[in-house]
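Accompanying notes for the structure given below.
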2 protein chains.
Amino acid sequence: MPRANSSREGVLDAFEQIVIEQGERVATLSAVAEQAGVSKGGLLYHFSSKQALVDGLLERLVELVEADLEWLGEGPESVVERFIRSSTLDGSSLDRTFTALARIVQSTDHPDIRPALARVEAAWYELVLAEVGDPDVARLVVLASDGLYFRGVLDPQAPQPDAADIDRMVQTLGRLVAKD
Amino acid sequence: MPRANSSREGVLDAFEQIVIEQGERVATLSAVAEQAGVSKGGLLYHFSSKQALVDGLLERLVELVEADLEWLGEGPESVVERFIRSSTLDGSSLDRTFTALARIVQSTDHPDIRPALARVEAAWYELVLAEVGDPDVARLVVLASDGLYFRGVLDPQAPQPDAADIDRMVQTLGRLVAKD
DNA sequence: GTCTATACATGGATAGAC
DNA sequence: GTCTATCCATGTATAGAC
């Protein structure tokens, strides 16, 4: 087989982008099709329904998360540092997919999405816990990260905290870890 | 004049409830009307458009926030404690209105809502900062609180952290304040 | 694989009776 | 102040040509 249908991925990208930048309601089939540069009919060839589009994003999330968890584990810096740093919406693929799904799940009931997002959160927590030891501190780290996400999700256009901001956050959290 | 139109408030309550429990997309005029126990026409007498409904929630937010900020300031416990404790979605009026608006603003562009929510966040930050002194710690407190909110917003049906959870969080944060 | 045309359902909003 | 009836626009989805 050639390469994962690039037109299909393009449609998914377009869907993601509109949901993030303009909201779930704006992401109609026509809008997504136009953004992806195909016709409505063309889009529906790849994704036979709106739900199929959402399912496509979910699959994408699963793949990206796997890679992310590996990445968080390896490397010299602490997991906490990498974790906090990556929870700002820097436009990485995972961030975008996560944000889009977080929005979609809020706009109407998608019973399949919630558990997936919850599983991601749980995996993150375990990874942080393994490093810092204290469950309360781990919880705080994950919550702060969620807080950063929340702001990004609330307003993806808002200015993200810069490197110095992140540094100070990590250091502040570090005071808790050091004291154990 | 008699009393703030109770039927009007009922419609607003219904709108809020559906947005929170089932998502913005489900909160159609018919659905809201039915939930409020009036007809679509009846609803539209009080709120002449969907936008008017949203505006109604915004006004409500402003009122409730004013009361909340006062409440956070007075009383014997620390602001941090009250703040964290109240950021769990216990179903208070402010929580509900905030959650509903946070969802609405994500589903399509509502230029008027974002600044209002941002102002609320800023006010909370200032209040916490005044107590803890250290901007980095204050930031962390507010972010953790946002994280709690985020989880609630993501899934209002999920089990909320109980009193003991909150206690441990406050204590953990307290270790940072004490060390200053 | 991608397009156009069209059917069908539904959401927002108006008109006017009671 | 609340209701019913109705109009209009738009979003999802199907059919079938190319």
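Chain letters run A, B, ... following the sequence lines, proteins first, then strands; residues in each count from 1.
DNA chain C is contacted by both B:S48 and B:R25; B:R25 maps to the nucleotide lying nearer its 5′ end (nearest heavy atom per residue).
Residue B:K50 contributes atom NZ, which lies 12 Å from atom C1' of C:dT10 at whole-angstrom precision. Atom NZ of B:K40 is separated from atom C1' of D:dC3 by 13 Å (rounded to the nearest Å). Atom CG in A:L53 sits about 10 Å away from atom P in D:dT12, given to the nearest Å. In this structure, the CD atom of B:E24 is 12 Å from the P atom of C:dG11, given to the nearest Å. A straight line from CD of A:E34 to C1' of C:dC3 spans 15 Å, rounded to a whole angstrom. The distance between atom CG of A:L43 and atom C1' of C:dT4, rounded to the nearest whole Å, is 15 Å. One interatomic measurement links the two molecules: CZ of B:F47 to C1' of D:dT2, which rounds to 15 Å at whole-angstrom precision. Counting to the nearest Å, the C1' atom of C:dA7 and the CG atom of A:L44 are 14 Å from each other.
Contact annotation: A:S7 does not reach the phosphate of C:dG1 (side-chain N/O to OP1 or OP2, under 4.0 Å). Look at B:Y45 and you won't find any side-chain N or O under 4.0 angstrom from OP1 or OP2 of D:dT2.
Of the candidates C:dG1, C:dA13, D:dG1, the closest approach to any side-chain atom of B:S49 belongs to C:dA13.
Note on A:L29: only backbone sugar-phosphate atoms sit closer than 4.0 angstrom, heavy atoms only; bases stay farther off. Residue contacts for B:S30: at a heavy-atom cut-off of 4.0 Å it reaches no nucleic acid atom on any strand shown. Within the nucleic acid shown, B:T28 comes within 4.0 Å of sugar-phosphate atoms alone, with no base atom in reach, counting heavy atoms only.
There is a side-chain donor-acceptor pair under 3.5 Å between B:Y149 and B:D95. In this model, a donor atom of one side chain and an acceptor atom of the other lie less than 3.5 Å apart for B:Q160 and B:T88. Residues A:D55 and A:Q51 have side chains that bring a donor and an acceptor to within less than 3.5 angstrom of each other. Residues A:E24 and B:Q106 bring no donor and acceptor atom of their side chains to less than 3.5 Å of each other. Using a 3.5 Å distance cut-off with no hydrogens or angles, the side chains of B:T97 and B:E16 do pair a donor with an acceptor.
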